[in-house]
Structure formats: structure tokens, C-alpha cells
Peer 1: 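Once you've had a glance at the structure underneath, I'll fire off some questions.
Per chain, numbering begins at 1; letters A, B, ... match sequence-line order.
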There are 2 protein chains.
Amino acid sequence: MSKHLSDEWGKGTPNSTSPEHETAGTTTQTEADALYKMAEVSRVLRSATSTIEKLAHLVSGTSDLTLMHCLVLVHLSKAATCKQLELKSATGIPPAHLTKLLDELAHRGLVRRIRSSWDRRQIILALTEPGRETALRLLTSLHKLADKTQLDEIERLGSSLEHFVSTTENDARLDGKGEED
Amino acid sequence: MSKHLSDEWGKGTPNSTSPEHETAGTTTQTEADALYKMAEVSRVLRSATSTIEKLAHLVSGTSDLTLMHCLVLVHLSKAATCKQLELKSATGIPPAHLTKLLDELAHRGLVRRIRSSWDRRQIILALTEPGRETALRLLTSLHKLADKTQLDEIERLGSSLEHFVSTTENDARLDGKGEED
DNA sequence: TATTGTTATACTCTATAACTATA
DNA sequence: TATAGTTATAGAGTATAACAATA
């Protein structure tokens, strides 16, 4: 981490490196633009994520519950009992994360964990009364959004995303070798 | 695609929710589906993010540099001199994060920080020789992607996302107020 | 007082690995 | 040995707040 004051900066390039350029001739310029675009999309990707998260907050009426919390609650509210294993595969939430979510939910008294007696490795999940109420409230609030066509948007977005991910990953062999399953 | 959320959705449920009554009991199925969808899109959102990040790794030839690192490098490579302030507004990277990125870049000897002498609050950034080389290499690799139409995809995706964010946020008044009871 | 930049914390989800208990 | 679940760590970026130094 040397901090020498060299004089290697003093060329005459103007600071016209804004993210939106339409130059289609100079090579480096175009590539730089591509990077800018990637960065920007990356940002919008996150902002879309947070949009959905906000939707979840709106729906749950509290910002204490994330989308994933809601998902768990709702899933649980539709099955009288649910093994954690099922929940995991149904929601796609990775085990470690699921444990934490369940911790939080149980901490709030919304979910109860019971060890299965026929297979003591497994855990049976059930909503408590408050949990059930919360889930119901969630569903009800969701109902209001339903006719707001946001869900439509979300769905559409999902398709675009999937398309993007699959074509891009495919196209660029991003997974290192292209041999993975 | 990863495994779908549950067998309970995935059939083409049209948005035919009863648009008037809040029957929390009959329509719950549809609402639950909505939540599942949101969760999945949320997941795909992240997976798209990581796809772009992988693209950055691919382009930089190392997984040590994230997209944001690349962005900084490239931006710096196009301006002889760049104030941190400019970099911040050009890239949209929040100050705290930018400091960390610059730390890492400087640590690798790719970037040099020099306090401006006319306004000692500001910091002038410049690439070192290795930094410049890295940036150049980046741009070159990017060139190969450019004709792979992935950039196109990215752009398209960006538009969809922006559209989604603006319409959704707008529609639900997500920003700021989310309290309703 | 306002600005530039740094530091520190907390938060989201993801990804691993290592570990327990049970089968 | 394989499975279910837990714990711990690390990573990305975001969002704050509080703070320094300088203007």
C-alpha cells in the first residue's frame, strides 16, 4: 500500500463516463458501457428484491416478518401439521436458513416445534393460535393486493428472470466448466 | 429451474380472484399462491444477481473482484483523474461501501488514493499500473461477451425490472407508509 | 454549518462445512 | 452409512448513524 505521488495521471480524457452512452464504434467505450449496465441491472435487481420484501411487510402489517417468514407461516397454515423436511422442500429455503427463520417464528410464539415420535430426527411444525391468526391476516391482506395486478407483474418478472438466468448461464458457461447438475 | 415451491401451485391459476369480498377462507388458496410466487421470484431475483456477478468473475478472471470492483476499476481507467465524489455519483455506490471497495482495491495495489491539495476533504483516485492492466484486461474480456448477446439480455432484464419496481412501488405506496390496520 | 469520507453496526439471503442425533 | 436438523462462518450489497476533518 504505497502512497507515492507519481505523475502518471494527467492525460486529457474528460470525465464523460456516464452510465448511459450510445457509442457504438469505439471498442473500449462499448465494453465499459456494458459494465455500467451490468452494475446498474445488478442494483435494480436488488431494488426489485426489496420491493417484494416491502410488499411482504405491507401484507404482514409489520416489518418484523420477512417474505420468508410469511411464506413459512402461510405454508404452515394450510397444513394441519408439517414436517420441517416438507417445509424445506416446499419452500426451497435452505436448511440452515430455515432453522433460523423457525427460531424467530418460535420466539415470537407463532410456531411450535415438536419432535416427531416415530422418527425422532424429524420435527413437526404447527402454528400456534397467534400464528394462525397472523397467517390468516396475511392471506387477507394479500387478497387486497391480488386485484392490484401487482401479482401479475411479479409473475411476469419471474419469467423474465428465469429466462435471463438460464440463457445467460448457459451461454457463458458461468459454472466454471459447464458440467454440473 | 430448481424445484418448485409446492405441488399446490404451478398450475396455471388465472388471476380470477373474487374482487369484492374478503372471504378469508375460500380464496386463501389463491392468496397463498401469490405468496409462493413472490417468494420464488424473490429467489430468482437473487439468482439473477449472482448470474451477473459470475459474469463479472468470468470477465475479471478472478473471483476476488466483484462487479462493483470491476465497475470502479473501469471507471477509473477511463478518467485520468477521478475524485471519489465523482466515482460515487457515477457508480451510485453508497459512500460506506465505496470506501470498503477502495480499501480492497488499494490493498491489492490496483488503486491509489491521494488527498486533494486544493480541497483536503476530497480524495483523488488513480489506477496503478497493475490496476490499469487489470482494467484493460477486463474490458478486453468483456468484448468477448459483447457479441454473445448476453448484454442484450441484461439490458432487457433491466428494463423489466425498472418497470416492475416503479409500477409496483407506485401501486402499493410501498415507500414510507406500510401501516394499515 | 455543510460537505467528504470513514467506521461500525445491523440486516437480507446465500453457501459451506462441521456437527449432533437418530435411523 | 445416510438422513434431519443445528450451528457457525463468510460472503454480497444495502441502510443507518456517528464521527472525523475540512471547508
Peer 1: Rounded to the nearest angstrom, tell me the gap between atom CG in B:Leu102 and atom P in C:dT7.
Peer 2: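 The distance from CG of B:Leu102 to P of C:dT7 comes to 12 Å, rounded to the nearest Å.
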Peer 1: Can we say A:Glu153 and A:Arg156 salt-bridge, meaning some charged N sits less than 4.0 Å from an Asp/Glu carboxylate O?
Peer 2: yes
Peer 1: Applying side-chain contact (heavy atoms from CB on, under 4.5 Å) between A:Val72 and each of A:Leu127, A:Leu110, A:Leu87, report the one that passes.
Peer 2: A:Leu87
Peer 1: A:Ile123 CD1 to D:dG5 C1': how many Å, rounded?
Peer 2: 6 Å
Peer 1: With sequence neighbours left out, what residues match A:Arg108 under side-chain hydrogen bond (donor to acceptor under 3.5 Å, both in side chains)?
Peer 2: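 A:Arg108 satisfies side-chain hydrogen bond (donor to acceptor under 3.5 Å, both in side chains) with no residue once adjacent residues are dropped.
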Peer 1: Measure CD1/A:Ile114 against P/D:dA4 and give the value in whole Å, please.
Peer 2: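 So the CD1-P distance, A:Ile114 to D:dA4, works out to 19 Å.
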Peer 1: Would a distance-only check, ignoring hydrogens and angles, find a side-chain to backbone donor-acceptor pair under 3.5 Å from A:His57 to A:Leu65?
Peer 2: yes
Peer 1: A:Gln122 side chain N/O closer than 4.0 Å to the phosphate oxygens (OP1, OP2) of C:dA21?
Peer 2: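 So the side-chain polar atoms of A:Gln122 never come under 4.0 Å of the phosphate oxygens OP1 or OP2 of C:dA21.
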Peer 1: May I have the distance from B:Met38 (atom CE) to C:dC13 (atom P), rounded to whole angstrom?
Peer 2: 12 Å
Peer 1: C:dT3 C1' sits how many Å from B:Glu86 CD, rounded?
Peer 2: 15 Å
Peer 1: Can you give one letter per nucleotide of nucleotides 9-23 of chain D, 5' to 3': B if a protein heavy atom sits under 4.0 Å from the base, S if only from the sugar-phosphate, - if neither?
Peer 2: ---SSB-B-----BS
Peer 1: Between atom CG in B:Leu87 and atom C1' in C:dT6, what is the gap in whole Å?
Peer 2: 15 Å
Peer 1: Using only atom types and a distance under 3.5 Å, with no angle test, would you say the side chain of B:Thr128 pairs donor to acceptor with the backbone of B:Gly131?
Peer 2: yes
Peer 1: What's the verdict on side-chain hydrogen bond (donor to acceptor under 3.5 Å, both in side chains) for B:Thr140 and B:His143, showing C-alpha distance, side-chain angles and the deciding distance?
Peer 2: CA-CA 5 Å; B:Thr140 308; B:His143 186 54; over 6 Å; no
Peer 1: Quickly work out the A:Leu98 CG to D:dT6 P distance and round it to whole Å.
Peer 2: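 Distance, rounded to whole Å: 8 Å.
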